[in-house]
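First the structure, in the form of structure tokens, and then the observations on it.
Proteins come first, then strands; the chains are lettered A, B, ... in the order of their sequence lines, and each starts at number 1.
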Amino acid sequence: MRGLLSKKSIFLFILLIAAFALPNFLKNKFYMNIVIMVIFYAALSGSWNILAGYAGQLSLGHSIFFGLGAYTSTLLLVKMGVSPWLGIIAALIMSMAVGALIGYPAFRLKGPFFTLATLAFSEVIRYIASFWKELTNGAMGINIPFKPGLATMMFRTKEPYYFIALGMLLLIILITFFIDRSKMGSYFIAIRENEDAAEVLGIPITRYKMYSMLISSGLAALTGVFYAQYILFIEPEAVFNINFSSQIALMSIIGGMGTIFGPIVGAVLLVPLNEIMRSAFSSLNGLNFFIYGIVLIIVVSWMPNGILPTITNQVKKRGLKVSTDRKGAGKIDTAN
Amino acid sequence: MILQINSARKDFGGVTAVNNVSFDVKQQEIVGIIGPNGAGKTTLFNLISGALPLSAGKIIFKGEDITNQKPDLICKKGVGRTFQEVKPFGNISVLENVQTGAYNRLSRRKEAREFAEHVLEKVRLIHRKDVTAKSLTIADKKRLEVARALATKPELLLLDEVMAGLNTSEIQEIIPLIRSLAEEGITLIVIEHIMEVIIQLSHRVIVIQHGEKIAEGTPTEVINNKRVIEAYLGEEITIA
Amino acid sequence: MGEIIQVLISGILVGGIYALISMGLNLILGVVRIINFAHGEFLMLAMYLSFFLYSVWGLDPYVSALLVVLILFVFGLFIQRIIIQPILNTSATVKIFVTLGLSIALQNFALMLWRADFRSVHTAYQTAVINVGTVAVSIPRLIAFIVAIIVALGMYLFLNKTLVGKAIRAVAMEKRAAALMGINVKRIYLLAFAIGSAIVGLAGALLIPIYYVFPTVGTLFVLISFVVVVLGGMGSMLGAFLGGIIIGLVEAIAGVVIAPGLKEAVYFIIFILVLLFRPSGLFSLGKGSEEVGLK
């Protein structure tokens, strides 16, 4: 077991070095963009994973927090010239506050009804963003004037964006890792698995659901700020979109919800697939999402835990032969 | 006196599931609760553990009024319970299930894990600690219920039919376990269908029928009680 | 005064369409216990079907409605058997995301085949109105509303007076007991899903003379029908009907009183409030909706 663990950490370490070295080798802008999008989606889906994968609250309104993050920092930048780096803080506060406001009532609902409520909240916020023209410029969206510089978080080349995205993803992985290993993570999972059983073990359910919401919405806001600075254009239709929310969810579901690396596996598989299909069949608009939908049905029906847990289970099964032998021997000992 | 139940009452719409039930439980006592199906035994547990609000009455634990407090708070104060219909956290391992309970008193992962292993050894489930909870047999799932509740380090433990569905040898294995818990200082209230087990195990037995307490006393007193015999006539008396 | 009546009447008439769509969704939810996130796409397919029957064969939407209903019935059977049946005993997550996947796939299937263009039929009666005093009543909307009433009544009679209908209700209430009574639960599921699809098919046929069809048209209507179903109570046909009318009215009034751009936001807010304070719906006698639909 320990051998396996160290093998795993060596593998991760190599992966990390490769990730840092990648821009030195990858100069093609098209591919670089795909890589950045993979990282971005992995991070965003990773933030959803904390609320949905760990705590089991299947939100289809995650774009709310992403969008609020994007709008908050962008409005501060465009209207008041506040650096997006500072905007991050405002974005975090904004998203977490709205997350709490949504969570407080919605956490009373269970299963599909919670999901429906998050959909409804998402729609309400989209309508408000489209309607409140004085603030958001409505459905027209906001163009961010390009002023390159570190303070404005805008760059001529893709490399800086790449490193910012990577840092964001690493932060989310790290947070997820610590949650996974802590009491909080165990409590999230207990709530996901069975609320009745969780509360008689002393778990304050609503409070822990709220923790997962705050962490999840805060991290989503972070990715929103990045997105706005990378794309330099935001509109309600794009950032408060239900389909976008389901896409975020999809990455984690396919990779493996409630696992640290599931969202990354999902993003690595789906984002390039999406991009390739979009460029290869550009005349056939919709094919990429059609395949998305089919993949979703098949994966969820046949591998409800996602790809990563299915693979690790296979590996464990092979490993288990050895360990059951050992345990069998232990049993004979106690009998004697 | 660790637990006092004063005139507890629970109505569901027009149906009274628990009606004016009062009793006390002393420290380290094993109290058995018996009664026909639908008598209101599990509802009584739901009231004590906070899963359901009382319609009337009071529940006092260690001198403190815990009536209608939230389940997690009641657990924190020292009341653990199992479910008759087992509710394992199916997709995580047996050890992780118990570890989740252990976090009630121990915040550090390592401590919680070690204590969980200790509890699993005690209930003889340690050999299954790495399998997912949903793949356990029903007997093992019942053990897991007990282990998870024990891991919260309760002073009062409510066991709801943990022996239902077990075979005779499995039952004979679990009885000493329950006794040893009492010796360690845990107070137990045990709901059980099997009369023989209750008589073997309990210091005191409470009989509930149609939501009301109809008898209370030592096991011998109770099985010779006229109302109890009447209540159980026609019902299958499982004295194996 | 005339204006107010005009608004109320158009609200009620639109509500009829919402009611029809929601009755289909609610039948499936009440019996099969699954929230079909692809319900809107069923509507979209029905509208395209109706559109092409008109534009290719010149079949009037009201004439081809029967054919559309029949095709959607068969389509419902197919989807239930192939996709829904295998996941019925799984977690809420699987159910949500499988039907969501179906929704995404169908939507983009339409986008692939028929592009994002807005299409509509052009019939002689499309803009026809009946004038009652100062109030103008659109004929296609009136027809849709009347059909909605007929379907609601028909469903009521079917579910309460026929043997099959009673079997459907029995399964909806307590499937284990129903199975013990010798009812083939799987077959009832199949039937309920197919009837639910047929009803939304009818809604599509009635909608095409009034509204455009485009690949994402379903999203708009399915969200409304979620609101209606939660408002009217899970599984309740009458609730779905009344809920549909209420939402139609709310939308019409909000469009005038608040702002046209915010009328949708208003009913979503109602939706959230109902979910929070009356999760079993306004007209439901059953369990809290939060309790059901879960494993």
Chain A heavy atoms under 4.5 Å from B:Phe89: which part of the residue, side chain, backbone, both or neither?
->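 Interface part for B:Phe89: both.
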For B:Asp11 and B:Thr16, test the side chains for any donor-to-acceptor distance below 3.5 angstrom and give the result as yes or no.
->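 Checked: B:Asp11/B:Thr16 side chains pair up, N/O donor to acceptor below 3.5 Å.
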Side-chain H-bond candidate by donor/acceptor type, B:Thr132 with B:Ser93, under 3.5 Å |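 No, no side-chain donor-acceptor contact under 3.5 Å.
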Test item: B:Gln4 side-chain N/O and B:Phe23 main-chain N/O as donor-acceptor pair under 3.5 Å =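 The answer is no, because no donor-acceptor pair under 3.5 Å joins these two groups.
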Test B:Leu3 against every option in B:Leu158, B:Ile59, B:Asp24 by the side-chain contact (heavy atoms from CB on, under 4.5 Å) rule and name the one that passes.
->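 Going through B:Leu158, B:Ile59, B:Asp24 one by one, the side-chain contact (heavy atoms from CB on, under 4.5 Å) with B:Leu3 is satisfied by B:Ile59 alone.
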Apply salt bridge (charged side-chain N to carboxylate O under 4.0 Å, His left out) to the pair B:Lys70 and A:Glu199, showing each step before the final yes or no.
-> CA-CA 8 Å; B:Lys70 295 186 98 188; A:Glu199 63 182 358; over 6 Å; no
Is the number of heavy atoms from other residues, nucleotides or ligands within 6.0 Å of CD (B:Glu85) greater than 12?
->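 Incorrect, the count does not exceed 12.
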For A:Phe178, does the CZ atom sit with more than 12 other heavy atoms under 6.0 Å from it, leaving out its own atoms?
->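 Counting other residues, nucleotides and ligands, CZ of A:Phe178 stays at 12 neighbours or fewer.
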Any chance you could measure B:Thr187, atom OG1, to B:Ile30, atom CD1, to the nearest 0.5 Å?
->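 CD1 of B:Ile30 is found 9.5 Å from OG1 of B:Thr187.
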Can you measure from CD (A:Glu193) to CZ (A:Phe188) and round to the nearest 0.5 angstrom?
->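 Nearest 0.5 Å value for the CD-CZ distance: 14.5 Å.
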If you measure from the Lys or Arg side-chain nitrogens to the Asp or Glu carboxylate oxygens, is any gap between B:Glu170 and B:Arg143 under 4.0 Å?
->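 Salt bridge between B:Glu170 and B:Arg143, a charged N being under 4.0 Å from a carboxylate O: no.
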For the candidates B:Val86, B:Ile74, B:Thr100, which exhibits the highest count of non-hydrogen atom pairs separated by less than 4.5 Å from chain A?
->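 Answer, by heavy-atom pair count under 4.5 Å with chain A: B:Thr100.
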Considering only heavy atoms and a distance below 4.5 Å, find which of B:Leu73, B:Ile92, B:Asn91, B:Asp72 pairs most often with chain A.
->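 Among B:Leu73, B:Ile92, B:Asn91, B:Asp72, the one with the most close pairs to chain A is B:Asp72.
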Working for side chain to side chain donor-acceptor pair (under 3.5 Å), residues B:Gln84 and B:Thr42 | CA-CA 8 Å; B:Gln84 179 186 359; B:Thr42 297; 3.1 Å; yes
Look at A:Ser182, A:Gly185, A:Ala190 and state which one has the largest set of heavy-atom pairs under 4.5 Å with chain B.
->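 Result: the option with the highest number of such pairs is A:Ala190.
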With respect to chain B, which residue among A:Pro204, A:Ser186, A:Gly202 yields the maximal number of heavy-atom pairs within a distance under 4.5 Å?
->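 Option with the top pair count is A:Gly202.
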Under 4.5 Å from any heavy atom of chain B - which part of A:Ile203 =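 For A:Ile203, backbone and side chain are both near chain B.
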Geometric cation-pi criterion, B:Arg81 with B:Phe83: 6.0 Å, 45° =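 B:Arg81 over B:Phe83 ring: yes.
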Tabulate, in ascending numerical order, the residues of residues 104-125 of chain B having at least one heavy atom closer than 4.5 Å to a heavy atom of chain A, or enter 'none'.
->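 Counting heavy atoms that sit under 4.5 Å from chain A, the residues of residues 104-125 of chain B involved are B:Asn104, B:Ser107, B:Arg109.
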Does anything in residues 207-219 of chain A get under 4.5 Å of chain B by heavy atoms, and if so which residues?
->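 Result: none.
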